[in-house]
Amino acid sequence: MKKGSITIYISLVFVSVLLLISIVIESARINVVQTECKSFTYLAADSVLAGYVRQVYEDYGILLVWEDKSLKEQLMKYIQANINLADLNIGGTNFMTTRLSGVSIEKKEEISANGGEVFINQVSSYMKYAVVTESVNKLINLYSSNSNQKEYDTTEYMTNEPEEKSSQISEIVKEIHDEIGNLKEEDIKEKLKTERKRTRFLKNINDIMNKIDVYREERKEFLKENTGLSDSDYMDSNFEILEHIKNKIEEEELNVSGNSKENWVNIGEEIEQQIKNLTVNTPTREDEKNKNIYENAKELFEKSVLSMVIQDTSNISSSAIADSNLPSKKESNKKDSIDNMSDKAKLIMYGGLKFGNYHAVKKKSALSYELEYIIAGKDNDRSNLTATIEQMVGIRNMATIGYLITDQEKMAQLSAIASSATAVIGLPFLEPVIKGILMEAWALAEAVNDVKIIMAGEKIDILKNRDNWKTSLQNLFSGKVRGSQKKSAVNYEQFCYLLMMKQDIHIIALRMLDLIQVNIKKNYHGSFDIHQCICGFQITARYETEPLFAAMPWVIHQMGQKMGAYEFSVTCKDGY
């Protein structure tokens with residue numbers, strides 16, 4: 001009995017020890033399996049990312065995966081390959097038996113999502129090594145100095161001139177001038193000798209006054225539509241003089257006691273002197289010349305900016321794109337988290353490195369003028385170049401008119417020519433209008449000349465001053481096309497940078513992605529779609545492994561049930 005008890009006791013102890021050893025070994029095996037599965041998952045993720053689009057990286061320095069095949073299928077393929085390699089069974093039992101039960105994609109970082117945010121981040125990292133910080137700061141400072149230029153209110157100078165209406169008033173003024181001119185040539189004393197002659201003379205005065213009244217009514221209507229103009233001029237003085245003459249004659253007619261020939265002679269002399277004070281604008285050759293300057297100024301606004309800046313427009317590229325599946329054409333829930341000057345400047349300088357422009361066309365590009373596309377977003381080169389030039393002229397026009405208003409000598413010249421041109425037109429109240437048109441035309445001509453200089457490959461100064469002003473009011477269309485030699489001067493490409501700095505960073509990014517897509521499709525992969533490109537992802541892989549040491553009879557017996565497969569998952573977040 002004693003020996004039997006010892007045997008039973010030893011057996012129980014042995015089973016317990018075997019159970020403990022099995023559980024410890026199984027726990028260790030499961031830990032190793034989990035570690036291996038984590039390795040399988042991360043290796044598979046890295047393998048997917050290693051399949052980046054080589055042509056995009058070589059041409060644009062950007063890493064992205066083109067999901068032309070299902071990301072899930074690729075991950076499962078690589079994970080299974082890693083499992084198969086780890087589970088090679090050579091002459092023994094495979095203690096790490098593992099199988100993949102599924103993969104779920106929880107998040108994908110698409111290159112074009114959120115307004116190209118991922119693309120902006122990649123470019124920012126790339127540009128840390130591609131350009132020096134000094135270049136980025138220089139662009140920011142250049143933009144800041146250009147943006148800080150004072151904007152001048154030119155509404156007091158710029159008033160519309162309805163051509164048809166002003167020409168009608170001008171005809172009335174011409175008639176008034178002719179009749180006043182005749183008055184100045186007449187012998188007034190002779191006109192007042194008899195009552196009959198005086199009656200005829202008074203009728204003439206009344207006719208002129210009536211025409212001045214018509215003129216004043218027309219002027220009043222005109223001024224309702226054009227505020228800021230003077231509501232009085234020399235015609236009002238003429239009316240007062242004529243009214244005084246009329247009253248003088250009528251009073252004298254009523255004065256029977258003083259109504260004598262001698263008295264009328266004295267009154268005639270007084271009236272002659274007053275008639276000399278009547279104002280009549282008699283145009284001179286100089287006035288006609290100044291009116292021609294004004295007419296030329298108006299013609300300037302009707303001309304095409306492109307034709308004024310580029311003499312031979314036949315050499316402009318006619319390339320176009322017809323892809324409606326572009327990132328910039330799609331609605332995007334862009335974030336405002338990235339919108340600082342440094343990132344924008346890096347993105348723009350990246351554009352200067354990777355994309356062509358009017359002066360530096362990239363070979364094999366779908367569009368010849370790529371920076372211009374980023375600025376304007378049109379589907380063809382000609383439209384993009386035209387829009388870019390118009391924006392350049394607009395910015396330069398702000399600088400030129402800002403300086404012009406502060407130049408007293410030039411403003412005095414504008415006033416003199418406007419006053420002189422008014423003499424020919426015969427509408428004195430239009431002088432501020434004509435001055436405004438002349439001023440805007442002169443500023444525009446100078447702006448056009450500046451852009452013409454940079455289109456010719458030269459540089460211009462950002463700030464306008466007396467020394468770098470190149471056009472004359474007498475010949476608006478022939479400025480000096482000579483660039484600046486100063487270090488601070490900017491060329492065409494740098495001016496494009498300034499235009500892009502005014503844009504939203506997300507618009508810039510998406511249009512760059514447009515160009516990447518059309519160029520990769522044109523040169524490498526006809527079915528390439530940047531919307532299918534990702535730069536990172538988050539996945540969860542689910543695994544199963546059968547119990548091994550925990551499935552031994554003494555363990556199963558102790559647990560009192562059949563053991564199923566162990567299940568666990570690995571979450572992996574990976575990206576460039």
Side-chain angles (χ1 to χ4, degrees), residues 19-54 56-57 62-114 117-119 121-122 125 335 337 531-552 555-556 559 561-576:
L19 177 63
L20 177 62
I21 291 173
S22 298
I23 291 173
V24 169
I25 294 174
E26 184 73 348
S27 298
R29 185 183 77 88
I30 294 301
N31 283 332
V32 172
V33 169
Q34 288 180 330
T35 301
E36 278 197 335
C37 289
K38 186 175 182 180
S39 176
F40 298 158
T41 307
Y42 277 88
L43 282 172
D46 288 342
S47 296
V48 170
L49 292 174
Y52 60 87
V53 186
R54 180 174 56 84
V56 174
Y57 178 73
I62 299 300
L63 288 167
L64 49 83
V65 173
W66 177 21
E67 200 182 355
D68 54 340
K69 295 179 181 177
S70 168
L71 175 61
K72 183 176 179 179
E73 290 179 6
Q74 291 185 70
L75 287 166
M76 292 183 71
K77 182 184 75 172
Y78 286 125
I79 290 173
Q80 191 59 54
N82 288 326
I83 291 174
N84 294 341
L85 184 64
D87 282 354
L88 286 177
N89 188 0
I90 303 175
T93 301
N94 180 6
F95 290 103
M96 304 302 171
T97 303
T98 307
R99 61 178 177 270
L100 177 67
S101 62
V103 173
S104 60
I105 312 296
E106 297 176 356
K107 182 181 178 182
K108 289 192 288 188
E109 291 183 349
E110 297 176 352
I111 191 73
S112 60
N114 299 326
E117 183 178 1
V118 177
F119 173 68
N121 289 331
Q122 274 213 46
S125 300
K335 294 181 179 179
S337 56
H531 295 289
Q532 297 175 349
C533 293
I534 58 176
C535 297
F537 45 76
Q538 181 175 312
I539 62 168
T540 297
R542 296 182 299 279
Y543 297 91
E544 292 180 352
T545 184
E546 296 294 342
L548 185 59
F549 295 100
M552 291 183 174
V555 177
I556 295 174
M559 298 185 72
Q561 59 182 3
K562 184 177 181 181
M563 296 294 293
Y566 297 119
E567 296 180 354
F568 49 89
S569 61
V570 177
T571 298
C572 168
K573 184 177 181 180
D574 207 352
Y576 298 119

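On a predicted model such as this, the values are computed, not experimentally measured, just so you know. FYI, side chains are in, hydrogens and waters are out, and symmetry mates aren't considered; it's all heavy atoms of this structure.
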Restricting to non-hydrogen atoms, name the atom on [X] and the atom on [Y] that form the minimum distance, rounded to 0.1 Å.
| X | Y | answer |
| --- | --- | --- |
| L71 | V48 | CD1-CG1, 3.6 Å |
| T41 | A541 | OG1-CB, 3.9 Å |
| F537 | L49 | CE2-CD2, 3.8 Å |

Residues forming a side chain to side chain donor-acceptor pair (under 3.5 Å) with Q122, sequence neighbours excluded: none
Are any of the side-chain heavy atoms of M76 and Q80 separated by less than 4.5 Å? no
Distance from [X] atom [atom1] to [Y] atom [atom2], nearest 0.5 Å?
| X | Y | atom1 | atom2 | result |
| --- | --- | --- | --- | --- |
| E36 | L43 | CD | CG | 10.5 Å |
| I534 | K107 | CD1 | NZ | 12.5 Å |
| I79 | N84 | CD1 | CG | 12.0 Å |
| T98 | F40 | OG1 | CZ | 5.5 Å |
| C572 | D46 | SG | CG | 7.0 Å |

Can you name the salt bridge (Lys or Arg N to Asp or Glu O under 4.0 Å) partners of [X], sequence neighbours left out?
| X | value |
| --- | --- |
| E110 | none |
| K38 | none |
| E67 | K108 |

Residues that S101 engages under side chain to side chain contact (heavy atoms under 4.5 Å, CB included), provided they are two or more places apart: R542, E544
With F568, which residues qualify under side chain to side chain contact (heavy atoms under 4.5 Å, CB included), at least two apart? V33, Q34, C37, Y543, T545
Quick test of your reading: applying side chain to side chain donor-acceptor pair (under 3.5 Å), list the pairs with at least one residue in residues 567-576, sequence neighbours left out, ordered by first then second residue. T540-T571
Across all chains, not counting sequence neighbours, the ring-ring contact (aromatic ring centres under 6.0 Å, His included) partners of Y57 are Y52
Please test L75 against I105 for side chain to side chain contact (heavy atoms under 4.5 Å, CB included), starting from the C-alpha separation and ending with a verdict. CA-CA 10 Å; L75 287 166; I105 312 296; 3.6 Å; yes
